[in-house]
J.: 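Encoded as structure tokens, here's the structure I'll be asking about.
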Amino acid sequence: MKFLEEVINELVVSFKTVYNLEVDASKLLLSPTKKEFEGDFTLVIFPFVKDLKKSPEQIGDEIGKQMVEISSQVKDYNVIKGFLNLSLTDQFWKDNLDEIVGTEVYGDLASKDEKVMVEFSSPNTNKPLHLGHIRNILLGWSCAKILQAAGYEVIKTQIINDRGIAVCKSMLAWSLFGDGKTPESTGIKGDHFVGDYYVLFETKFQEEYGEWQSTAEGQTVFATRADLDQSEAAFFKAYKNDYFNNYSALGKAAKEMLLAWEAGDGPTVELWKKMNAWVYAGFEETYDKLLVNFDKYYYESDTYLLGKDAVKKGLDLGVFYQKEDSSIWIDLTDAGMDHKLVQRRDGTSVYMTQDIGTAQLRYQDFGATKMIYTVADEQDYHFQVLFEIMKRLKEPFAEGLFHLSYGMVDLPTGKMKSREGTVVDADDLMAEVIAEAKAASDERGEIAEISAEEQQETIRKIGIAALKFFMIKVHPKKRMTFDPKESVDMQGQTGPYIQNAYVRIKSILRRANDGFGDYSTYNELEDQEKVLLTLVMSYPDVVLEAANGYDPSTIANFCYSLAKEFHKFYHDIRILGAETENAKSFRLTLSSVVAKTLQHGMDLLGIEMPEKM
RNA sequence: GGCUCCGUAGCUCAGCUGGAUAGAGCAACUGACUUCUAAUCAGUAGGUCUCAAGUUCGAAUCUUGACGGAGUCACCA
């Protein structure tokens, strides 16, 4: 960490002076000394044994002695086996605390003058947001915040899948069975309203399909198409798509609607716009509750034809090749992947082509040299291929592409399936978790001296924090199980636990309006003070690590450690009742810095801090 | 079958740029609220870090191979 730069430089000098050995500063890793041992920071000596041909104990002793002599920050040392433990002076700690206090926004790193685009959420317009989206949104949002703190200029975006046969299904169902109802007239949130018609379409279609199966036509199809040993039920289950495409009246109507939409038919486009507006209003409401927003929206209705130019460019570059049937492909076998189609023989785009075109469009729009795609891990291969194609097309942003891939959220019963009605709705979940917070709060009695409104607001913050922290504390790549029946915890390794540490500090600071004085003569710092300060000092490194690894869980785990350490500190050491005014000032300052760091870290996770709880 | 990801305490997870005796939370048990508010703290118990081999002074961490789980390998998105 940067606070140790000086010490590390002195170590370099010491190795040079004592052994005439050139050591690279980056090789000298100082880690906080384990609690069982004396000292503040530890250098592992073993790596130097080979070069110096001396025992680790001897090297440790000689370097330690030299450090005490030349460094104004090292006051003592001890060597245990191959570990050199350095004890630093009180001044070192106080200087660093001063520096942190003097930093404008502690945790924000130097500006990088580089743009990065982060895509997340990216829903379909025919279904409300669910549990899976919540993980996606929290990860993407947090990643954007972290990159911003790390100095990038961030553009948050999503691409909305607002076209295709699925969208036409809900449009058709509403036209046929909607009776002119609207979200306003029914009081149903827009995205749920439209989603209901998507479900209704499926229901009506199933009815139609069921009836058809016993008709002469259905039976003939079964008799001629089914495998010998296939039961009627199994056959019809597998045949559903074919039925939709070849026999269904509803299917025919939906496909006609899609054609009409693609042709720009007036009434169809009007209906599409009207229903989309309902959905978007619903989405915005959910985003607001989750406290997230976007800088730029892309719509598939605008981008689904993109990528044609890229295909041409690829052909010219010799990156793509054309088959005799005139379909266009890329050969990625030398990169360990397969051949991949980029344009159908009828000249239309596929998903891959669309993504190529969209990436190029985004680069034109914003000039971002990094693009982060927050998409579930089932699409790992797709993005591997996409990024390889971009490299071969020599796109200027190709090296900055990253797939923020995350594991699915499972229920105890397995995968969420909309058809089986096991989807956990985002709005319901948030309401539930806030109710949990309310129950927990009621159990512990009223929060003193705040209005009912503030109380409600606090409970909201606590509930949402519990949910968000729960989802974001585990590494993105890990698949997670979510049991909606088990209430989200409010105690232990949770969001509210961290909020509580913050609230405790705030409460002390409110009482101590006089206490922010001088601590320059405070000496003999407590170990717990040093441990706490060391954690705070490591925070900028944690932000950097999270940004480099696109991993918000790093921040979450740091916040938990810091809160835990503070809770312990709070319990063991008097702050307002400190032995001296200097000690009190030091502890108040330290606490305020902990609060600022917690707030900054939790903000990177999209979690708000209450002032009281 | 090929490729990718995951496998650490009963459960949920940290730790993984190799370093000292592998850490938390939940659940169980015990103790601490007239205190800077206990959504807290302290303690007990719980581990062949899936297995095997290799590299190394040193491996949960790196390499290889097995085993188990998930995903993917569409002219779907």
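A, B, ... follow the sequence lines: proteins, then strands. Residue 1 opens every chain.
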J.: Assess whether atom CD of Glu443(A) is packed by more than 12 heavy atoms of other residues, nucleotides or ligands within 6.0 Å.
T.: no
J.: With a 4.0 Å cut-off on heavy atoms, is Tyr497(A) in touch with a base, just the backbone sugar-phosphate, or nothing at all?
T.: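 The answer is sugar-phosphate, as Tyr497(A) gets under 4.0 Å only of primed atoms, P, OP1 or OP2.
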J.: Looking at every strand, decide which applies to Val474(A) at a 4.0 Å heavy-atom threshold: base, sugar-phosphate, or nothing.
T.: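 The answer is sugar-phosphate, as Val474(A) gets under 4.0 Å only of primed atoms, P, OP1 or OP2.
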J.: Looking for any heavy atom pair under 4.0 Å, which part of the strands does His475(A) touch: base, sugar-phosphate only, or nothing?
T.: sugar-phosphate
J.: For C75(B), take OP1 and OP2 only and decide whether either is under 4.0 Å from a side-chain N or O of Ser327(A).
T.: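 Looking at the OP1 and OP2 atoms of C75(B), neither is under 4.0 Å from any side-chain N or O of Ser327(A).
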J.: Taking only N and O in the side chain of Arg504(A), is any of them less than 4.0 Å away from OP1 or OP2 of A39(B)?
T.: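 Answer no for this pair, as no side-chain N or O of Arg504(A) is under 4.0 Å from OP1 or OP2.
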J.: Base, sugar-phosphate alone, or nothing: which one does Asn85(A) contact when heavy atoms must sit under 4.0 Å apart?
T.: base
J.: Going by atom types alone, do Asp541(A) and Ser538(A) pair a side-chain donor with an acceptor below 3.5 Å?
T.: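 No, no side-chain donor-acceptor pair sits under 3.5 Å.
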J.: Among U40(B), A77(B), A38(B), find the nucleotide with the atom closest to the side chain of Asn161(A).
T.: A77(B)
J.: Would you kindly check whether a donor in the side chain of Thr42(A) faces an acceptor in the base of A20(B), or vice versa, at under 3.5 angstrom?
T.: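 Side chain to base: pair present.
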J.: Between the base of C75(B) and the side chain of Arg345(A), is one N or O donor paired with an acceptor at under 3.5 angstrom?
T.: yes
J.: May I ask you to decide if the ring planes of Tyr497(A) and Tyr560(A) are parallel, tilted or perpendicular, using 30° and 60° as cut-offs?
T.: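 If you compare the ring of Tyr497(A) with that of Tyr560(A), the planes turn out tilted.
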J.: With Watson-Crick and G-U wobble geometry limited to distances under 3.5 Å, how should the secondary structure of RNA chain B be encoded in dot-bracket form, using | for bases paired to another strand and [ ] for crossing pairs?
T.: (((((((..((((.....[...)))).(((((.......))))).....(((((..]....))))))))))))....
J.: When we call it a touch if two heavy atoms are under 4.0 Å apart, what does Asp325(A) touch: a base, just sugar-phosphate, or nothing?
T.: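 Touches a base.
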J.: Return no unless some side-chain N or O of Arg511(A) is found under 4.0 Å from OP1 or OP2 of U37(B).
T.: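 Result: yes.
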J.: Output all residues satisfying ring-ring contact (aromatic ring centres under 6.0 Å, His included) with Phe46(A), sequence neighbours left out; order by chain, then residue number.
T.: Phe83(A)
J.: With a 4.0 Å limit, can you tell me whether Lys478(A) has a side-chain N or O closer than that to the phosphate oxygens OP1/OP2 of U12(B)?
T.: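 Lys478(A) to U12(B) OP1/OP2: no side-chain N or O under 4.0 Å.
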J.: Using a 4.0 Å heavy-atom cut-off, does Gln379(A) contact any base of the nucleic acid, only the sugar-phosphate backbone, or nothing at all?
T.: base
